[in-house]
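Reckoned from all heavy atoms, side chains included, excluding hydrogens, waters and symmetry mates.
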Amino acid sequence: MQAAAAETKRLPLFPELRRFPASFAEMSGVHAAILLPSVPREVHLRGVAILGARLGQLSAFAESNCHLMEISNWPAVEDHNVVIVGRVDELGTLPVALEIKTNLDALGPGRGLLAEFIVGDAGNRHRWILVTGGDDAGLEKAVVTLGSRPALDALPPSPAEIVDVPSIRPETEALSRPSSARTTFAQLRWGDFDVGQEPVARFGWRLPPSHRLERGELTLRFFHSTNVTNGALEVFLGAMRVGDVPLTHENGDGGSAKLPIPPTEGIDPLMFTFRARADPLPRGGPIATVLSGSSLETIARPLDITGLEHLDTLLVRDSFLRRIAFVLPTPPSRSELRLVFDISMHLGRRLPSSPVLWPQVCAFDPSREQDDNATFQRCLHDRSALVLAPVSTWRYATPNGARLLIQQMSRGTVRIQGRRDDISDFEPSLALIQMLPAPWGTNEWLVTAGGWTNLDPATVKALVIHEAARGRLHGNMAAMDHLGRLASYESRKPAVQSFAQTVKEIIPRGLDVAQTQAHLRKIAARRERSRRLNRFLVWFGGVVVLGVILGRVTLEWDRDRRRRSAQRETPFKTAA
């Protein structure tokens, strides 16, 4: 008897632009690199944000697998999957195939190009995607196209020239938002489907993370084998059981049932899952069939956004990330670019099924005040802004007249809530964050985050995506240092002490975590003693006042009694 030996080989790679970003994670242990010019401009920054969001949709793709590098360093990433973002004149000596170079030479102003080619030998091949344009306008068209799955599906084979900015179809727009109208399964593009003992998941109705389902009703129309006399059709929404529909002899030829949907928070994707059980099991067929005439009626509302505890909700108010703009100083540092990429990956993980992810990025000059009519302000139209910059530059990233709660006045002075403080009195490693209504539009917010003189990416990242601050971040101002000490503050409510005093107390300069805890215990003990003394004084004072009042009342009563007694004892004398 001969043993059969099988050898598994990796299939050869070929360009598949339509499969981005899934094609980037098809090999275990693969790394990805994003190559940018040495001095990135606003269009490159937006490319970083869109690519971060799209790669974040891959659950198995870790941030540590992604690297941001200069185009000139391309030889160092030949063993990576790569995305190059740059104008034609910024590509340098990249190893681009001859047919792609021909397209590049013919690329005119306002035109973009997307191309994918394979780099490496037979045993070590990787995907490289070129995102380029004849000018910045053309480059942005290519960047935006890479952020849209439908736009990629409509492209011709690589290399593909991009002439127009892609748009979102009305039906895709409609499916991205919950609707209060009754929606049939057919409108969700679900046909009739069979259900057995194995779970059958269906997705098409969206409840974005920025919404909450208040109530709803699911009307199921179905039929099942008439041999089933004792069974049930189980319905789940996410991990929540919606209900069970009995399968009996009477409804075998067709039946319907209404199931109330309890309140739930939005999540993407929020799937309906159907499973059936029966006794006896039918032979050679499904237990039940759910009809496309089934319908769903829901009432959902956007989640309230009132403070920093809702920052995660603010960032994903729109399922396509169009309503958030990152604001960075220009030229950005490599750490600032990395922070935008990491936050975008976090947002992409929250929207893994979204077909389009188009976050915006705006750049500002940290050396001059902004003009309300400048391009920078138009970039923020109908968007909320997340400013990622040092505190010293915040006033340059906002329109004239914006009243920041925290504003650095000079190199050593900061104004907080209208009061001046010396920066030297605070912990040097602080990262501060504030949230206030945006001055350029209603229902929009301005959030600024950064350290005193630099961005401090690690701490700002923890604040923005709540890695280390979850459950502790609230109000409209907060500060955190590199040790994770956090002070949150709500300036819109009366408070005994200011934000500056709170920060100095909770994050004292020069102390470690253990010393801070001991320091706070002493403060708490001192306050408890003060409260006890105050309570004693209040009670003691109350008793004294009550005693005085009782004494006064007693004296008045005794005086009145004596007067009446004297009047009774003295006879009334009449004139002779």
Side-chain angles (χ1 to χ4, degrees), residues 149-150 153 168-226 228 231-278 281-282 284-302 319-320 351-356:
R149 190 185 311 149
D153 288 340
I168 299 177
R169 291 173 175 250
E171 55 269 28
T172 304
E173 190 83 59
L175 286 174
S176 71
R177 298 187 299 266
S179 171
S180 58
R182 182 173 290 273
T183 305
T184 65
F185 284 10
Q187 291 172 319
L188 295 175
R189 303 174 185 173
W190 302 354
D192 300 346
F193 57 90
D194 297 331
V195 183
Q197 291 179 297
E198 297 298 322
V200 176
R202 286 291 182 270
F203 172 71
W205 171 71
R206 298 181 68 91
L207 183 63
S210 59
H211 284 68
R212 173 180 172 80
L213 177 66
E214 295 292 326
R215 62 182 182 275
E217 185 178 68
L218 179 65
T219 302
L220 279 181
R221 303 188 185 279
F222 62 93
F223 66 84
H224 63 89
S225 172
T226 54
V228 176
L233 178 62
E234 303 172 349
V235 184
F236 296 83
L237 180 58
M240 177 178 59
R241 179 185 288 271
V242 174
D244 294 352
V245 178
L247 303 179
T248 64
H249 179 74
E250 288 74 17
N251 60 20
D253 291 330
S256 66
K258 294 183 181 294
L259 299 176
I261 303 175
T264 184
E265 299 290 336
I267 189 173
D268 179 39
L270 189 60
M271 286 186 163
F272 278 102
T273 303
F274 301 85
R275 187 170 54 197
R277 62 177 189 273
L281 285 172
I287 297 176
T289 299
V290 177
L291 302 176
S292 62
S294 302
S295 61
L296 174 69
E297 190 170 13
T298 59
I299 295 179
R301 67 172 181 84
S319 294
F320 306 137
L351 298 167
S353 69
S354 181
V356 178

*Asks:* Quick check: closest heavy atoms across D244 and A232, and the distance to 0.1 Å?
*Replies:* CB-CB, 4.5 Å
*Asks:* If you measure from CG on L237 to OG1 on T273, what distance do you get to the nearest 0.5 Å?
*Replies:* 8.5 Å
*Asks:* Mind checking whether M240 and T264 have side chains closer than 4.5 Å, heavy atoms only?
*Replies:* yes
*Asks:* Please find the pair of heavy atoms, one from I287 and one from A276, that lie closest to each other, and give the distance.
*Replies:* CD1-O, 3.5 Å
*Asks:* Rounded to the nearest 0.5 Å, how far apart are CD1 of I299 and CG of L213?
*Replies:* 9.0 Å
*Asks:* In sequence, state the C-alpha distance, the side-chain angles, and the governing distance for H211 and R301, and then conclude on side chain to side chain contact (heavy atoms under 4.5 Å, CB included).
*Replies:* CA-CA 6 Å; H211 284 68; R301 67 172 181 84; 5.8 Å; no
*Asks:* For the residue pair R221 and S294, what are the closest heavy atoms and their distance?
*Replies:* N-OG, 2.8 Å
*Asks:* Might you point out which heavy atoms bring R277 and L247 nearest each other, and give the distance in Å?
*Replies:* O-CD1, 4.3 Å
*Asks:* Measure the shortest side-chain to side-chain distance between K258 and L220 over non-hydrogen atoms and say whether it is less than 4.5 angstrom.
*Replies:* no
*Asks:* Determine whether more than 12 heavy atoms belonging to other residues, nucleotides or ligands lie under 6.0 Å from atom CZ of R241.
*Replies:* yes
*Asks:* Using ring centroids (six-membered ring only for Trp), state whether F236 and F274 fall under 6.0 Å.
*Replies:* no
*Asks:* Taking the side chain as every heavy atom from C-beta outward, state whether T248 and V228 have any atom pair closer than 4.5 Å.
*Replies:* no
*Asks:* Nearest heavy-atom pair of V200 and D194: which atoms, and what distance?
*Replies:* CG2-O, 3.6 Å
*Asks:* Between R275 and E198, is there a salt bridge with N-O shorter than 4.0 Å?
*Replies:* no
*Asks:* Test your reading of the model: is there a side-chain donor-acceptor pair from D268 to the backbone of S353, 3.5 Å cut-off?
*Replies:* yes
*Asks:* Once rounded to the nearest 0.5 Å, what's the spacing between atom OG1 of T219 and atom CD of E297?
*Replies:* 7.5 Å
*Asks:* Can you check side-chain hydrogen bond (donor to acceptor under 3.5 Å, both in side chains) on D192 and T289, steps first, answer last?
*Replies:* CA-CA 7 Å; D192 300 346; T289 299; over 6 Å; no
*Asks:* Ring pair (Phe, Tyr, Trp, His ring centres under 6.0 Å) with F222: which residues, sequence neighbours excluded?
*Replies:* none
*Asks:* For H224 and D253, test the side chains for any donor-to-acceptor distance below 3.5 angstrom and give the result as yes or no.
*Replies:* no
*Asks:* Check the pair R189 / E171 against side chain to side chain contact (heavy atoms under 4.5 Å, CB included), numbers first and verdict last.
*Replies:* CA-CA 11 Å; R189 303 174 185 173; E171 55 269 28; 3.4 Å; yes
*Asks:* Would a 4.5 Å heavy-atom cut-off, applied to side chains only, mark T183 and L188 as touching?
*Replies:* yes
*Asks:* Can you tell if the side chain of P208 reaches within under 4.5 Å of the side chain of R177, non-hydrogen atoms only?
*Replies:* no
*Asks:* Using the side chain to side chain contact (heavy atoms under 4.5 Å, CB included) rule, take F320 and L351 through it: C-alpha gap first, then chi angles, then the decisive distance, then the call.
*Replies:* CA-CA 8 Å; F320 306 137; L351 298 167; over 6 Å; no
*Asks:* Please tell me if the side chains of V195 and P286 come closer than 4.5 Å, counting only heavy atoms from C-beta onward.
*Replies:* no
*Asks:* Does atom CD1 (I267) have a neighbourhood of more than 12 heavy atoms from anything else shown, all under 6.0 Å?
*Replies:* no
*Asks:* If you apply the rule side-chain hydrogen bond (donor to acceptor under 3.5 Å, both in side chains), what do you find for R182 with S295, and how did you get there?
*Replies:* CA-CA 7 Å; R182 182 173 290 273; S295 61; 2.8 Å; yes
*Asks:* Side-chain contact, heavy-atom cut-off 4.5 Å: R215 with P263?
*Replies:* no
*Asks:* Just by modelled atom types, is the W190 backbone N or O under 3.5 Å from a matching donor or acceptor in the S292 side chain?
*Replies:* no
*Asks:* So which atom in S319 and which in S354 form the shortest heavy-atom distance, rounded to 0.1 Å?
*Replies:* O-OG, 2.8 Å
*Asks:* Below 30° counts as parallel, above 60° as perpendicular, anything between as tilted: where do the rings of F185 and F272 land?
*Replies:* tilted
*Asks:* Run the side chain to side chain contact (heavy atoms under 4.5 Å, CB included) check on V290 and L233 step by step: do they pass?
*Replies:* CA-CA 9 Å; V290 177; L233 178 62; 4.0 Å; yes
